[in-house]
Protein chains: 2
Amino acid sequence: MAVTLKEISRELNLSVTTVTRALYGYDDVAEGTRQRVWSLAETLGYVPDTTAQRLRKGRTDTLGFVIPTFGPRFSDPFFSEFLAALGNEAARLGFDLLVSTRAPGAEEQAAYRRLVEGRRVDGLILVRTRRHDERVQYLIERDFPFVAFGRTDLEVDYSYVDSDGEAGFRQLVEYLVGLGHQRIACLSADPELTFVAHRLTGYRAALAAHGIRPDPNLLIQADLTQRGGYEAAGRLLDRAEPPTALVCLNDLMALGAMRAAQQRGLAVGHDISVTGFDDIPLAENAHPPLTTLEQPVYDIGKRLCAMLVRLIRGESLDDAHVLLAPNLIIRESTGPVPM
Amino acid sequence: MAVTLKEISRELNLSVTTVTRALYGYDDVAEGTRQRVWSLAETLGYVPDTTAQRLRKGRTDTLGFVIPTFGPRFSDPFFSEFLAALGNEAARLGFDLLVSTRAPGAEEQAAYRRLVEGRRVDGLILVRTRRHDERVQYLIERDFPFVAFGRTDLEVDYSYVDSDGEAGFRQLVEYLVGLGHQRIACLSADPELTFVAHRLTGYRAALAAHGIRPDPNLLIQADLTQRGGYEAAGRLLDRAEPPTALVCLNDLMALGAMRAAQQRGLAVGHDISVTGFDDIPLAENAHPPLTTLEQPVYDIGKRLCAMLVRLIRGESLDDAHVLLAPNLIIRESTGPVPM
DNA sequence: ATTGTAATCCAAAACGTTTTGGCTGTCAAG
DNA sequence: CTTGACAGCCAAAACGTTTTGGATTACAAT
């Protein structure tokens with residue numbers, strides 16, 4: 001089918017060895033020979049077979065990324081931005097990107113094993129780490145190169161980049177307290193997710209710092225989706241004594257929460273304050289625009305990718321544990337507590 | 001490093017041949033031998049080397065998908081849902097998914113060539129086809145298996161699934177006309193994109209059918225993003241005689257357009273009507289919820305994936321050209337023309 | 001004793017590449 | 001005339017797998 005070295009070598013009465021060496025610019029090939037090889041390769045449209053190169057070189061030049069998807073209608077701007085970062089940076093570094101989509105659980109674990117044990121990729125990027133992350137455990141155990149967006153509670157060392165969600169939430173809640181809010185609800189998610197746990201810590205710390213007794217009724221657990229935020233906010237707002245502020249674990253939830261509030265005739269930013277996390281592009285275009293904590297997802301993805309490649313190449317990392325402070329962006333979805 | 005057939009065979013005093021055949025259940029292996037092989041493979045944790053299998057079998061069992069990204073902050077729910085569909089379906093069919101991200105243009109074309117000519121994938125999925133799509137032309141020329149979400153104007157035959165944007169927009173605009181709208185603006189995009197051209201055709205047809213003279217000032221070209229919709233809507237609304245309805249090429253633009261309207265004090269759904277296309281999850285949670293045309297992105301992705309695999313396997317396709325009618329979902333962003 | 005036939009097993013080739021460790025011939029220096 | 005150096009080329013091995021086309025043995029049937 002496709003053109004191989006053998007064909008070129010046969011055509012020119014050369015050995016396969018000489019042909020590769022000519023193509024790769026070794027200095028033990030006569031100038032004339034090199035030119036003949038190049039020109040024939042050109043006209044025949046020779047492109048080396050990637051699979052053969054991989055087998056021979058013992059590496060795939062491929063990075064793996066398993067997206068944790070939730071339900072069929074999976075749609076999260078966070079991931080598309082992150083993916084764009086990985087894709088662009090991987091390409092820049094000469095790596096392919098192999099993507100799987102799997103809901104967390106047994107099938108996800110199997111996907112990781114396929115990638116690692118079948119030697120399909122040279123390294124992996126993890127995202128949405130969990131406090132006791134089996135993926136991290138597994139990869140450490142197998143000594144397989146990986147980097148993660150997020151920390152874990154495991155007593156192991158690995159390379160990560162993470163947002164300081166605790167500091168971010170502390171700052172955010174202090175800002176709300178400063179506006180006079182006391183009944184600040186938190187639309188949380190599965191606290192096994194590390195970033196959820198961190199943000200909750202920050203939430204609690206800020207309340208405690210201001211002598212506000214944490215009300216367990218104001219902490220509610222939901223999905224990290226609009227629907228999750230919509231439903232959870234609905235339940236909170238229908239209480240006898242509803243909260244005056246809704247702190248949501250991410251922007252998607254916040255958008256859902258805003259809708260729930262608006263359906264109940266509340267003016268977001270006046271009657272009730274709502275906040276998110278991520279600063280997805282939609283946050284700015286929400287109505288009203290959403291107060292949120294920005295984390296530079298694209299840069300994080302890019303950085304992780306570069307770190308992983310250095311790991312694969314056996315180079316040393318000077319910045320193996322990066323913690324970035326998120327940036328509080330105040331927009332119109334928050335305001336002083338209503339009289 | 002990893003366990004190979006050779007090691008297993010050495011350990012058991014068997015040939016490599018017998019070991020593979022034992023593992024794959026050929027009937028010329030003694031039952032006892034088969035068991036010894038299996039149990040040793042198990043304890044050593046043998047997993048075949050994917051690269052070697054690929055080289056030997058002459059196929060990669062990998063599908064390629066190049067996401068057309070626009071700018072670094074790429075974030076489009078349409079693509080994350082489509083990607084989830086591809087990922088899940090590919091996995092189900094035993095295929096890996098190789099993803100690249102590239103802005104349309106020369107680099108994109110180079111990415112396709114790398115994938116095809118380097119024999120990195122067995123087939124490709126195209127999305128956002130263009131009227132004179134160089135990708136389609138190239139792949140047809142090389143006789144490489146591919147499927148596309150979208151049609152082209154090229155005189156070539158290939159397998160696709162597409163939404164009938166023309167019919168959808170016709171229905172949508174007729175609905176708006178029925179509400180009394182006459183000055184219906186269209187926030188369009190690059191008409192070289194086939195789906196843009198189709199939707200525009202539907203828009204014009206509906207206007208013509210009701211004797212409304214198309215006003216070139218009401219047709220404006222923008223990016224398919226919130227920002228694009230926001231800016232274009234802003235320009236339209238600041239005119240002396242602004243439109244009463246904004247028909248947007250997709251939901252993201254519509255969300256941006258809504259914000260532009262709201263910033264000018266207009267109540268969307270009353271003072272002005274806004275529509276989108278796609279029915280991304282955010283459309284439902286917008287404020288007000290967005291009237292839009294739903295297309296089953298997940299199903300389309302799944303279907304395309306299955307079609308591609310059949311193509312790769314040389315099986316025949318009975319449904320090589322699928323046109324799906326989008327579904328008009330009327331929400332609160334549209335209403336009667338204001339008095 | 002020969003033939004036939006199962007039942008087991010395996011050597012070698014092949015996929016396409018890269019690298020190792022040469023080999024051959026020419027020419028200048030001794 | 002020999003030696004050494006150098007330029008230019010290449011055979012073979014290797015990466016790990018699967019498949020082809022036997023080979024070997026045992027045993028039953030002739």
Side-chain angles (χ1 to χ4, degrees), chain A residues 1-38 40-41 44-62 94 96 114-122, chain B residues 1-38 40-41 44-62 94 96 114-122:
Chain A
M1 241 344 335
V3 185
T4 67
L5 290 177
K6 206 194 302 190
E7 293 173 45
I8 297 183
S9 67
R10 183 159 21 81
E11 199 80 17
L12 296 175
N13 277 319
L14 288 170
S15 74
V16 168
T17 308
T18 305
V19 175
T20 10
R21 310 200 111 227
L23 289 172
Y24 285 97
Y26 283 69
D27 63 358
D28 61 352
V29 179
E31 184 52 32
T33 312
R34 185 199 322 290
Q35 286 181 5
R36 284 190 301 140
V37 169
W38 268 94
L40 185 58
L44 294 183
Y46 170 76
V47 176
D49 184 283
T50 313
T51 305
Q53 288 183 316
R54 287 179 178 172
L55 180 59
R56 166 68 227 217
K57 295 193 176 166
R59 53 197 168 83
T60 62
D61 289 335
T62 303
D96 283 339
R114 267 172 48 84
L115 294 179
V116 171
E117 294 169 27
R119 278 141 285 170
R120 289 165 139 84
V121 299
D122 293 340
Chain B
M1 244 335 348
V3 185
T4 67
L5 289 178
K6 207 193 304 188
E7 293 174 43
I8 297 184
S9 66
R10 183 159 22 80
E11 200 82 17
L12 295 176
N13 278 319
L14 287 171
S15 74
V16 168
T17 309
T18 305
V19 175
T20 9
R21 309 201 112 227
L23 289 173
Y24 285 98
Y26 282 68
D27 63 357
D28 61 352
V29 179
E31 185 52 31
T33 312
R34 186 198 322 288
Q35 285 181 6
R36 284 190 303 141
V37 169
W38 268 94
L40 185 58
L44 294 183
Y46 171 76
V47 176
D49 184 282
T50 313
T51 305
Q53 288 182 315
R54 287 178 178 173
L55 180 58
R56 167 66 228 217
K57 294 195 176 165
R59 53 196 167 82
T60 62
D61 288 334
T62 303
D96 282 339
R114 268 172 49 83
L115 294 178
V116 171
E117 295 170 28
R119 279 139 284 171
R120 289 166 137 85
V121 299
D122 293 339

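Note on naming: letters A, B, ... go to the chains in the order of the sequence lines (proteins, then strands), and numbering restarts at 1 for each one.
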Can you name the residues that form a side chain to side chain contact (heavy atoms under 4.5 Å, CB included) with A:Asp61, not counting sequence neighbours? A:Arg59, A:Phe95, A:Asp122
To check you understand the geometry: which heavy-atom pair defines the closest contact between A:Tyr46 and A:Val3, and what is its length? CD1-O, 3.4 Å
Let me have DNA chain D in dot-bracket notation, would you? Count Watson-Crick plus G-U wobble pairs, both distances under 3.5 Å, and use [ ] for pairs crossing earlier ones and | for inter-strand partners. ||||||||||||||||||||||||||||||
Protein-nucleotide distance (B:Arg10, atom CZ; C:dC9, atom P), rounded to Å: 19 Å
Salt bridge (charged side-chain N to carboxylate O under 4.0 Å, His left out): pairs with one or both residues in residues 45-58 of chain A, sequence neighbours excluded: A:Asp49-B:Arg119, A:Arg54-A:Asp96
Positional range of nucleotides in DNA chain D within the contact set of chain A, heavy-atom, under 4.0 Å: D:dG8 to D:dG16
Sort and list the pairs that fulfil salt bridge (charged side-chain N to carboxylate O under 4.0 Å, His left out) and have at least one residue in residues 21-35 of chain A, not counting sequence neighbours. A:Arg21-A:Asp28, A:Glu31-A:Arg34
Let me spell it out: for each of B:Thr33 and A:Asp28, pick the nucleotide of DNA chain C with the closest heavy atom. Which residue's pick is nearer the 5' end? B:Thr33
Pairs: protein N or O with nucleotides 25-28 of chain C N or O, under 3.5 Å:
none

Closest non-hydrogen atoms of B:Thr51 and A:Leu55, given as atom of the first, atom of the second and distance, are CG2-N, 3.4 Å
If you find the nucleotide of DNA chain C closest to B:Val29 and the one closest to B:Arg119, which residue's nucleotide is nearer the 5' end? B:Val29
Which ones in residues 45-61 of chain B lie close to DNA chain C, meaning a heavy atom under 4.0 Å from one of its atoms? B:Leu55, B:Arg56
From B:Arg120 atom CZ to B:Thr62 atom OG1, the distance as rounded to the nearest 0.5 Å: 11.0 Å
Whole-Å distance, B:Lys6 NZ to C:dC10 P, equals 16 Å
Nucleic acid contacts - residues 11-26 of chain A versus DNA chain C, non-hydrogen atoms under 4.0 Å: A:Val16, A:Thr17, A:Thr20, A:Arg21, A:Tyr24, A:Tyr26
Please give me the minimum heavy-atom distance between B:Ala22 and B:Trp38, naming the atom from each residue. O-NE1, 3.5 Å
Which side-chain hydrogen bond (donor to acceptor under 3.5 Å, both in side chains) pairs, counting each pair once, include a residue from residues 6-15 of chain A, with sequence neighbours left out? A:Ser15-A:Thr18
Short question: side chain of B:Thr50, backbone of A:Gly118 - any donor-acceptor pair under 3.5 Å? yes
With sequence neighbours left out, what residues match A:Leu12 under side chain to side chain contact (heavy atoms under 4.5 Å, CB included)? A:Ile8, A:Leu14, A:Arg36, A:Val37, A:Leu40
